[in-house]
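Note sheet for the following structure.
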Protein chains: 2
Amino acid sequence: MRQQPVTSRSQDPKRQMGAREILDAAALAFSERGYAATSIDDVADVLGATKGRIYHYFRTKGELFIGIHRRGIEWILEAIGPTAERADLAPADKLREMVRQHALMMMEHHTYMGVGQFLIDIHLAGEGRQSAAMEEILRMRRQFEDYYVKVVEDGIKTGAFRDTDPNLVAKAMLGAVNWMHVWYRPDETRDTPEQHERIATTLADHAVYGIVA
Amino acid sequence: MRQQPVTSRSQDPKRQMGAREILDAAALAFSERGYAATSIDDVADVLGATKGRIYHYFRTKGELFIGIHRRGIEWILEAIGPTAERADLAPADKLREMVRQHALMMMEHHTYMGVGQFLIDIHLAGEGRQSAAMEEILRMRRQFEDYYVKVVEDGIKTGAFRDTDPNLVAKAMLGAVNWMHVWYRPDETRDTPEQHERIATTLADHAVYGIVA
DNA sequence: GTCTATATGGAGATAGAC
DNA sequence: GTCTATCTCCATATAGAC
């Protein structure tokens, strides 16, 4: 795989529309059957096209994978970043809202989250090592995790939270939410906004109660 | 892949010794490079052997995968089952001890946990659908998750825990611990029993505090 | 920009010697 | 029970027509 192919291609806005459709199809296929078990032809089937179309936008299967992960992380950052950077919220309220938004995003874009969130490290070892796109993704993930560590640290400083290891507790909270892609599956009949809200707030409450002093 | 090959073979205790070595190697290789990116030759390299040896014990690559997952779940059940079935513990104490033991096992056998815990569903879609071994694994996982749901329900009934959705909160707890395979990596220098204990109790405390009334 | 047709390389799996 | 040698297939990726 060559250097930074994903990023350079995605500069062109025209390309992004076709590419987005393809990423949606790939995310769906990968999340249903797994990365290894899904062929490019499978993705093409989901698209209702042939693989010629896919290879017009993505050089390799690994690039599809990176593209999915990248978008997934971007969505999470969009979900929690604005809240994380507000200065007017007490740590407990900020944390609750971050988890809530994070959880809602996990449900809204679940196909992107299942594949990306965690297979990335292990698969990239064999797929897209040290590309520029990879660096960017790792940078985003670090930032996203730092948001969690930061709010926990703040709460401990102000005395709102118990005195514990902020990094470890942040991992626990991240795990609880990221793990959603293992068990959450959209369900046409029961999947109302109210249901999503209930799930998100339940998870948020558990995370916050786990650390308040 | 044929029906129930793993289980029938593992009846023979002689076989298990050779098989165990191979599973260790495969678990290590898969956890480092990912299932898709790891070839049978890679696993053989870790073993210091050739793939002839591997195929003497396992019919397919998917069987290796199932074997790893199965053992991982068995370890977790061994870790939490005895505690979960004690009648003399208050829900909060029982839950804390379950999470603690679960977390310790995640660290002790981390190579088995990373691969198995969650890739199973998606990979098996393409590898070993509805085999007897698969059924057994799903049964064990259900039991293991039920232990968590049960203790939460008990705590809510006795009033020790907040009144919330036991299934959802159990998912959150399971996620926090299972997620360890994403971030935990053994470290020769810092990896003391005390360090493991500290990590396990921190996670256990967060899980319990998150739900106590 | 999307298709059909094709190449090719690599990995899973097997046969049979030792 | 483990090895070497080999087969076979199929998924990735490409070439080139439309």
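Predicted model only: the values in this text are computed from it and were never measured. Residue numbers begin at 1 in each chain, while the letters A, B, ... track the order of the sequences.
Rounded to whole Å, atom P of C:dG12 lies 10 Å from atom CG of B:Leu64. As rounded to whole Å, 21 Å separates atom P of C:dA11 from atom CZ of B:Phe58. Computed from coordinates, the B:Arg53 CZ to D:dG1 P distance equals 11 Å when rounded to whole Å. Taking atom OH of residue A:Tyr55 and atom P of nucleotide C:dT4, one finds them 16 Å apart after rounding to whole Å. Rounded to an integer number of Å, the gap from B:Ile54 CD1 to C:dG12 P is 10 Å. Between the OH atom of B:Tyr35 and the C1' atom of C:dA11 there is a distance of 12 Å, rounded to whole Å. One atom, CZ of B:Arg59, and another, C1' of C:dA11, lie 20 Å apart when rounded to the nearest Å. Per the geometry, CD1 belonging to B:Ile22 stands 11 Å off P belonging to D:dG1, to the nearest Å.
One finds no side-chain N or O of A:Thr50 lying less than 4.0 angstrom from the OP1 or OP2 phosphate oxygen of C:dT2.
Relative to the side chain of B:Lys51, the nucleotides D:dT12, C:dT2, D:dT6 differ in distance, and D:dT6 lies closest. When distances run from any side-chain atom of A:Thr60 to the nucleotides D:dA13, C:dG12, D:dT2, the shortest one goes to D:dA13. Ranking D:dA13, C:dG12, C:dT2 by closeness to the A:Tyr57 side chain, first place goes to C:dT2.
Contacts of A:Asp88 classified as side chain to side chain donor-acceptor pair (under 3.5 Å), with partners at least two apart in sequence or in another chain: A:Arg86. Under the side chain to side chain contact (heavy atoms under 4.5 Å, CB included) criterion, B:Ser39 pairs with B:Asp41, B:Asp42, not counting sequence neighbours. In this view, B:Asp154 and B:Lys150 satisfy the side chain to side chain donor-acceptor pair (under 3.5 Å) rule, not counting sequence neighbours. Partners of B:Glu21 by side chain to side chain donor-acceptor pair (under 3.5 Å), not counting sequence neighbours, listed by chain and number: B:Arg53.
DNA chain C lies under 4.0 Å from at least one heavy atom of each of the following residues of residues 39-49 of chain A: A:Ala49.
Within the cation-pi definition used here (under 6.0 Å to the ring centroid, within 45° of the axis), A:Lys171 does not qualify as a partner of A:Tyr148.
Just one residue in the list A:Phe58, A:Tyr35, A:Tyr112 forms a ring-ring contact (aromatic ring centres under 6.0 Å, His included) with A:Phe65, and that residue is A:Tyr35.
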Could you go through residues 203-210 of chain B and list every donor-acceptor pair under 3.5 Å that involves a side-chain atom there, pairing it with any protein atom two or more places apart or in another chain?
unit_1   : atom_1 : unit_2   : atom_2 : d
B:Asp205 : OD1    : B:Arg96  : NE     : 3.1
B:His206 : NE2    : A:Ala207 : O      : 3.2

